[in-house]
Amino acid sequence: MVMQLSAPLELRGLSIYKGLIPRDAQEEMVEALRDVTRAAPLFSPMTPYGKPMSVRMTSAGRFGWVSDRRGYRYSETHPEGQPWPPIPASILGAWTAVAPEARMPECCLVNFYAAGARMGLHQDRDEADFSQPVVSVSLGDDALYRVGNKTRGGSTESVWLSSGDVMVMGGEARLLYHGIDRIKPGTSTLLRGGGRINLTLRVVT
DNA sequence: AAGTCTCC
DNA sequence: AGAT
């Protein structure tokens, strides 16, 4: 897939490519994700302290991200025991478009936000090589994304992410705290039934 | 604390 | 924004 990169919006070192993915490519990704969720159904991860996350998730690739009473980690199997399905080619195209120099991703974490789902501020730090970026793809309803600092506390800034936006968290921005404060229902027609899917592609090892 | 709550 |  060939994409024309315009200058991204920069926010605390994050690069946000607004509207990078055309509608037809978004639809292709959603269709491919149906195969992913058939093989690896969405689940509600349990936090280590006993409360389930409001976001439902699954993964594709060699590794998937899981959370339970034992903590956060990458696993080569879904909680039900099966290996994760491969990362769809249409989704890998987004990675190569914005991170052509990086290693290929080993995990595509699929986060589904229904109206009301949120994700608190956190770091992506379960990977072995922080020199490799994390690439995020937004599909469906708009989401209010918040970014903070490399340590907890301090000021934060927010930006609305829309369907087709692609964000790169790399370099100095790789370990910034970030999260999703809210979803704006009815702002996209991409997903029947509404909601938002966020894909985060990562190198794990 | 990838949640939740409280306080400003 | 900060405690936990």
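We use all heavy atoms of the structure for the numbers below, so side chains are in, but hydrogens, waters and symmetry mates are not. A, B, ... follow the sequence lines: proteins, then strands. Residue 1 opens every chain.
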From NE2 of A/His178 over to P of C/dA1, roughly how many Å is that when rounded to an integer? 17 Å

Tell me which residues in residues 141-156 of chain A put a heavy atom below 4.0 Å from DNA chain C, sorted by number, or none. A/Gly153, A/Gly154, A/Ser155, A/Thr156

Quick check: A/Tyr145 with A/Trp160 (ring centres under 6.0 Å apart)? no

Pairs flagged by ring pair (Phe, Tyr, Trp, His ring centres under 6.0 Å) wherever residues 80-104 of chain A is involved - sequence neighbours left out: A/His78-A/Trp84

Gap between atoms CG and P, on A/Leu121 and B/dT4 respectively (whole Å): 14 Å

In this structure, how many angstroms lie between the C1' atom of B/dG3 and the CG atom of A/Asn111, rounded? 15 Å

Would you mind reading off the distance between A/Asn198 atom CG and B/dA2 atom P, rounded to a whole angstrom? 16 Å

Before accepting this row, confirm whether a basic side-chain N of the pair A/Glu172/A/Arg12 lies closer than 4.0 Å to the acidic partner's carboxylate O. no

Please report the closest heavy-atom contact between A/Gln82 and A/Ala40, naming both atoms and the distance. NE2-CA, 4.1 Å

Nearest-Å distance, CZ (A/Arg125) to P (B/dA2)? 7 Å

What is the distance, rounded to the nearest whole Å, between atom CG of A/Asp126 and atom P of B/dA2? 10 Å

Touch class at under 4.0 angstrom, heavy-atom based, for A/Thr47 against every strand present: sugar-phosphate

Reckon A/Tyr72 has a side-chain N or O less than 4.0 Å from the OP1 or OP2 of B/dA2? yes

Are A/Arg174 and A/Glu127 ion-paired here, with the side-chain N under 4.0 Å from a carboxylate O? yes

Out of B/dT4, B/dA2, B/dA1, minimum distance to the side chain of A/Leu109 belongs to B/dA2

Listed pairs, N/O of protein and of nucleotides 5-8 of chain B, under 3.5 Å:
none

Hydrophobic clusters here meaning ILVMFWY residues chained together by side-chain heavy-atom distances under 4.5 Å, can you tell me if A/Val98 and A/Val134 are in one? no

Separation of B/dG3 atom P from A/Gln123 atom CD, nearest Å, is 14 Å

d(CD1, A/Ile180; P, B/dG3) in whole Å: 11 Å

Assess whether a salt bridge exists between A/Glu157 and A/Arg146, defined as any Lys/Arg side-chain N lying under 4.0 Å from an Asp/Glu carboxylate O. no

For A/Gln132 and A/Arg103, indicate whether the former's side chain and the latter's backbone hold a donor-acceptor pair under 3.5 Å. yes

Yes or no on salt bridge (charged side-chain N to carboxylate O under 4.0 Å, His left out) for A/Arg202 and A/Glu106, after CA distance, side-chain angles and deciding distance? CA-CA 6 Å; A/Arg202 308 106 183 281; A/Glu106 298 169 310; over 6 Å; no

